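Given the structure is predicted, the values throughout are model-derived calculations rather than measurements. Position 1 is the first residue of the sequence, and the numbers go up from there.
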Amino acid sequence: MLDVTRAPAVSAIDRYTRWTGLIAGALISRWLAPLDHGDGVMYAIPVFGLCAVAGVLAGDALTPPRRGAVRTAGLAPRRVRDYVPPRMTWLLLGLAAALAVLLAVAGVLASPDDLGRAGRTLTMTCRGVTESAGPWPGLYYGLPVLASLAVSTAACGWSLRRIARRPGDEQTRRDRTLAIVAAWGLLVSAPLLGAASTASGALMNTSCDGTAGTVANWLLYPLALLALITVPWSLYTVVSPRATWKARR
């Protein structure tokens, strides 16, 4: 067992780029959120996450590898899975799958709003009465979220492979890998929090959902809670990563 518990030595460039990504994401998100009568928040969330990912990637690209004495190394190739935190990675993969399923189901159930714009409301009919509630995370909101998730996943996957294979010490690889995983987790958990909360709010504003709506809310509540916990963890880890997990050797 290799215990990696000491605080990492994060370079100044690395720290600045991470803060720059978060600040830029916050500024752009603040500009986007009020757009489209407040519905711009559904776009602001993935934009903020992408800026956080970009900050971590920029820090990794701009920070030169540490120089030191020439060392020998084994011939076994370094693998990404040897450096990612296993429990958190599996949790984030589960949240990402839940987000994709939620947006897909919401997209199927979505209806046009009163202005005819598709995928923005939930419309149900019961007892001869038609009810509409929104905003609803249909394809109008879901497609940009899924697109940003696909782009960020590809970028983070490439970055993780680069970190695993580039020269450097084990501690630095683990610190940077943890930051990348946290940045991707931010992009997963923040949209999930928004989508689960929005869907739950729409269901609570209609009386035609019946038992299906009650069951859906009981599924949405824990998802929103997990996302609510994961968002601040991801933010903190992007700014100040700590490689505290133990890796088997």
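- Using modelled atom types, one finds a donor on one side chain and an acceptor on the other under 3.5 Å when comparing Ser132 with Thr123.
- Using a 4.5 Å heavy-atom threshold, the side chains of Val181 and Pro85 count as touching.
- In this structure, Thr198 contributes its side chain and Trp136 its backbone to no donor-acceptor pair below 3.5 Å.
- Atom CG of Leu223 and atom CG of Leu228 lie 12.5 Å apart (nearest 0.5 Å).
- Side-chain heavy atoms closer than 4.5 Å link hydrophobic residues (I, L, V, M, F, W, Y) into clusters, and following such links, even through other members, never connects Leu193 to Ile229.
- Atom-to-atom distance recorded for Leu27:CG and Leu22:CG is 11.0 Å, nearest 0.5 angstrom.
- Side-chain atoms of Ser148 come within 3.5 Å of backbone N or O of Val145 as a donor-acceptor pair.
- Taken to the nearest 0.5 Å, the CG atom of Leu92 stands 12.0 Å off from the CG atom of Leu99.
- For the residue pair Ala216 and Leu203, the shortest heavy atom distance occurs at CB-CD1, 3.8 Å.
- Closest non-hydrogen pair, Ala96 versus Val188, comes out as N-CG1, 3.5 Å.
- The backbone N or O of Gly194 lies less than 3.5 Å from no partner atom in the side chain of Ser197, so there is not a single donor-acceptor pair.
- Remark: side-chain polar atoms of Ser111 are not paired, donor with acceptor, to backbone N or O of Leu122 under 3.5 angstrom.
- Here the SG atom belonging to Cys156 is positioned 5.5 Å from the CD1 atom belonging to Ile180, to the nearest 0.5 angstrom.
- Rounded to the nearest 0.5 angstrom, Met204 CE and Leu220 CG are separated by 11.0 Å.
- Taking a 6.0 Å sphere around CH2 of Trp19, one finds it holds 12 or fewer heavy atoms contributed by other residues, nucleotides or ligands.
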Q: Assess whether side-chain contact (heavy atoms from CB on, under 4.5 Å) is satisfied between Trp184 and Leu93, documenting all intermediate values.
A: CA-CA 10 Å; Trp184 186 71; Leu93 288 173; 3.9 Å; yes
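- Once rounded to the nearest 0.5 Å, the distance linking CG of Leu95 with CG of Leu102 reads 11.5 Å.
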